[in-house]
Amino acid sequence: MPVTTNVALGVGGGIAAYKAAELARALMERGFSVQVVMTRSAEEFVRPLTFAALTGRKVITNLFSAASAEDTLSSAIEHIRVAQENHILVIAPATADLLAKLAHGLADDFLTTTYLAFTGSVVLAPAMNTNMWNHPATQENLRILRERGHVIVEPDDGILACGMVGPGRLAEPEIIAQAVAGVAGRGSSKHDLDGETVLITAGPTQEPLDPVRYLSNRSSGKMGYALAEAAAERGARVILVSGPVTLAPPARVELILVRTAVEMRQAVMDHLEQATMIIKAAAVADYHRANPPQQKVKKTAARLSLELDPTPDILAEVGRKKGDRLLVGFAAETENLIEAARRKLQSKNCDMVVANLVSQPGIGFESDENAVTLVLRTGETIPVERASKSIIAHRIFDEAMKLRLALHSAQ
Ligand code: PMT
C-alpha cells in the first residue's frame with residue numbers, strides 16, 4: 001500500500017477560491033490526504049462545508065476560533081499539529097496579501113501561523129488582478145518565496161473577474177495537483193507508462209570545425225531531462241540519448257552520452273528496436289563540417305568561408321522506421337509556429353509535434369519553463385500554458401498516452 005502523503009491545502013480569499021474544491025478532489029484522486037485550512041476572507045467566497053463534505057475532515061477556519069481559554073489553547077496548539085502532520089503545504093488561491101505575509105513572516109491567522117511552523121515542501125498557486133500580479137511588490141515577494149525553494153505554479157493568462165485580460169487567473173487545478181505530485185516525488189502519481197520503453201533525445205549536438213572549434217546551440221537539455229524524469233516517475237523504462245549538457249543524470253534512467261548528430265543518430269538507431277515511444281527533444285545541428293581538418297585552422301587576416309553539409313535527419317529516419325511506435329517530434333520556431341509544426345508532423349510521420357516559440361523570452365532554450373502547443377496527427381492543437389518543464393513534460397505524456405489509446409482502439 002503506497003505511503004499516503006498528507007497535504008495541507010490553504011485556501012485564500014479570492015474569486016478563485018471555489019476552484020480549490022476541484023484541487024482538493026484532484027489531490028485525493030492522487031491518493032493524498034487533504035486537510036483544508038481557510039482564511040477568514042476565503043469563507044466569503046466558499047463555505048467550509050464544501051471542503052468538509054469533499055475531504056470528510058473538519059475544515060480549519062482561523063487561529064483563535066475558540067470560545068473558551070481551554071479551546072484557545074488547544075486551537076493555538078492545533079496549528080502546530082497541522083504543520084507537523086502534513087508533508088506538503090499547498091496554498092491556492094494564494095492572494096497578493098497572502099504572498100506578502102508569507103514572504104515577510106507575518107502570522108495573524110491560522111494559515112500564516114501554520115506556514116511559519118511548517119518545515120515541509122510548499123507549493124503556491126497565485127491568483128489576483130493583473131496589475132496586482134505585475135506590481136513590483138508582488139514580484140519581489142515571489143522572488144523571495146522562490147529563493148526559499150517554494151514551487152510557484154504560475155497563474156494563467158485570460159479574462160479575470162474584474163474584466164481585465166492578462167496574467168492572474170489561478171492555474172488549472174489539474175496543473176496544481178501535478179505540481180504537488182511532482183514535489184511529492186511521485187510525478188503525476190500515475191503509473192500509466194508501466195511497460196513502455198521511452199527513447200528520448202536531449203540537449204545540443206556539437207559539430208567540430210577543427211580539433212578545437214565546433215558549431216552548437218544553446219540547448220541545456222532541461223526539456224529532454226524533464227521528459228526522462230517524468231517517464232521514469234510514471235513507470236517507463238527510459239533510454240536517454242543526451243548531447244553535452246551540465247545536468248545531473250536523472251535517476252532510474254539509462255543515459256547514453258553523445259556529441260555529434262552522427263553519433264546521436266547511431267545511438268537512436270541502436271535502441272530503436274527496443275523502444276515503444278520515441279521523443280526527440282534534442283536540438284540536433286542541421287549542418288556539420290563533413291570532414292573537419294585534423295589540425296587547428298590558423299587565424300589569418302583573410303575571410304574564412306566554411307562549407308557545411310546537412311547532418312542526418314534522425315527524426316525523418318525514425319519516422320520511416322517507427323512501425324507502431326509512438327513518435328513525438330519537437331519544433332523550435334521563431335515564427336509561423338503551428339504551420340511549421342504541422343509540416344514537420346506530416347513530413348516526418350510524427351504522431352505529435354511539440355511546438356515551442358523559442359524567440360519568446362523565458363521559454364525554450366535554457367529556461368526552467370516552457371510554453372508549448374501540442375500538434376496532433378488528428379489536426380488538433382493543444383496549447384499548454386507556460387509552466388515548469390516538468391509540468392510540461394507530464395502534459396506531453398498525458399496527451400501521448402491518450403494518443404496511444406486512440407491508436408490502439410482504432411486498430
Ligand atoms: O534543452 P533546453 O534548453 O531545455 O531547450 C529545449 C528545446 C528548445 C531545445 C526544446 O524544447 C526543443 O525545441 N527541441 C527541438 C529543437 C530542434 O532542433 O527543433 P527543430 O525544429 O530544429 O527540429 C525539429 C525536430 O527534428 C526535433 O525533434 C529535432 O530533435 C529533430 N531533428 C532535427 C535535426 C536533425 N538533424 N535531426 C533531428 O532529429
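What you are looking at is a predicted structure, and each value in this text was computed from that prediction instead of being measured. Computation of the quantities below employed the complete heavy-atom set of this structure, encompassing side-chain atoms and omitting hydrogens, waters and symmetry-equivalent molecules.
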Review point. Are side-chain N/O atoms of Thr112 and Asp109 paired as donor and acceptor at under 3.5 Å?
Key: yes
Review point. To the nearest 0.5 Å, how far apart are CG in Leu124 and CG in Leu102?
Key: 6.0 Å
Exercise for review: Using modelled atom types only, decide if a donor and an acceptor are shared between the side chain of Thr373 and the backbone of Ile382 within a distance under 3.5 Å.
Suggested key: no
Practice item. Indicate yes or no for a side-chain donor-acceptor contact from Thr276 to the backbone of Thr197 under 3.5 Å, with no hydrogens or angles considered. Key: yes
Check your understanding: From Gln178 CD over to Ile392 CD1, what is the distance, rounded to the nearest 0.5 angstrom?
Key -> 10.0 Å
Review point. Side-chain contact, heavy-atom cut-off 4.5 Å: Asp313 with Lys348?
Key: yes
Practice item. Tell me, with the steps shown, if Phe32 and His87 meet side chain to side chain contact (heavy atoms under 4.5 Å, CB included). Key: CA-CA 10 Å; Phe32 293 111; His87 307 97; over 6 Å; no
Review point. Under the side chain to side chain contact (heavy atoms under 4.5 Å, CB included) test, which residues partner Ala393, sequence neighbours left out?
Key: Met223, Ala226, Leu227, Ala230
Exercise for review: List the steps and the verdict of side chain to side chain contact (heavy atoms under 4.5 Å, CB included) for Val262 and His288.
Suggested key: CA-CA 9 Å; Val262 169; His288 67 169; 4.0 Å; yes
Output side-chain donor-acceptor pairs under 3.5 Å for residues 16-23, partner residues at least two apart or in another chain, one line each.
unit_1 : atom_1 : unit_2 : atom_2 : d
Lys19  : NZ     : Leu170 : O      : 3.4

Practice item. List in chain and number order the residues that pass side-chain hydrogen bond (donor to acceptor under 3.5 Å, both in side chains) with Asn131, two or more places apart in sequence or in another chain; answer none if no residue qualifies. Key: none
Point to revise | Glu380: partners by side-chain hydrogen bond (donor to acceptor under 3.5 Å, both in side chains), with sequence neighbours left out | key: none
Check your understanding: Would Arg237 and Glu254 satisfy salt bridge (charged side-chain N to carboxylate O under 4.0 Å, His left out), going step by step from the backbone distance to the final call?
Key -> CA-CA 8 Å; Arg237 176 193 170 205; Glu254 296 165 49; 2.6 Å; yes
Practice item. Would you check if the side chain of Glu263 reaches a backbone N or O of Thr260 as a donor-acceptor pair within less than 3.5 Å? Key: yes
Check your understanding: Can you tell me how far OG1 of Thr205 sits from OH of Tyr214, rounded to the nearest 0.5 angstrom?
Key -> 10.5 Å
Practice item. Output every pair passing ring pair (Phe, Tyr, Trp, His ring centres under 6.0 Å) with a member in residues 228-251, not counting sequence neighbours, ordered by first then second residue. Key: none
Point to revise | Salt-bridge present (Lys402, Asp398; N to O < 4.0 Å) | key: no
Practice item. Please lay out, stage by stage, how Asp351 and Lys322 fare under the test salt bridge (charged side-chain N to carboxylate O under 4.0 Å, His left out). Key: CA-CA 11 Å; Asp351 297 294; Lys322 71 173 192 178; 2.9 Å; yes
Review point. Got a second to check how far Ile239's CD1 is from Ile278's CD1, nearest 0.5 Å?
Key: 10.0 Å
Review point. Sub-3.5 Å donor-acceptor pair from the side chain of Asn129 to the main-chain atoms of Met132, do we have one?
Key: yes
Revision key, fill the gap. side-chain contact (heavy atoms from CB on, under 4.5 Å) with Val354: of Ile396, Asn370, Ile279, only one passes, and it is Ile396
Study note, to complete from the structure: For Arg25, the salt bridge (Lys or Arg N to Asp or Glu O under 4.0 Å) test, sequence neighbours excluded, returns Glu29
Check your understanding: Between Arg377 and Glu399, does at least one N-O distance fall below 4.0 Å, as a salt bridge requires?
Key -> no
Practice item. Sequence neighbours left out, what passes side chain to side chain contact (heavy atoms under 4.5 Å, CB included) with Leu247? Give chain and number order. Key: Lys222, Tyr225, Val245
Exercise for review: Could you tell me whether the side chain of Asn217 and the main chain of Ala283 form a donor-acceptor pair under 3.5 Å?
Suggested key: yes
**Study point:** Asp157: salt bridge (Lys or Arg N to Asp or Glu O under 4.0 Å) partners, not counting sequence neighbours
**Key:** none
Point to revise | Partner residues of Arg218 under the salt bridge (Lys or Arg N to Asp or Glu O under 4.0 Å) criterion, sequence neighbours left out | key: Glu366
Study note, to complete from the structure: Residues passing the side-chain hydrogen bond (donor to acceptor under 3.5 Å, both in side chains) test with Ser219, sequence neighbours excluded, are none
Review point. So do Pro93 and Val11 actually touch side chain to side chain, heavy atoms under 4.5 Å?
Key: yes
Review point. How would you list, by chain and number, every residue that makes a salt bridge (Lys or Arg N to Asp or Glu O under 4.0 Å) with Arg342, sequence neighbours excluded?
Key: none
Using residues 330-341 as the side-chain source, report each donor-acceptor pair under 3.5 Å to any protein atom, sequence neighbours left out, with the distance given to one decimal.
unit_1 : atom_1 : unit_2 : atom_2 : d
Glu333 : OE2    : Lys344 : NZ     : 2.6

Point to revise | Asn6 side chain to Glu85 backbone, donor-acceptor under 3.5 Å | key: yes
Study note, to complete from the structure: Taken to the nearest 0.5 Å, the spacing of Leu308 CG from Glu207 CD works out to 9.5 Å
Review point. Can you tell me how far CG of Leu142 sits from CD1 of Ile152, rounded to the nearest 0.5 angstrom?
Key: 5.5 Å
Check your understanding: Of Leu106, Thr39, Thr95, which meets side-chain contact (heavy atoms from CB on, under 4.5 Å) against Lys101?
Key -> Leu106
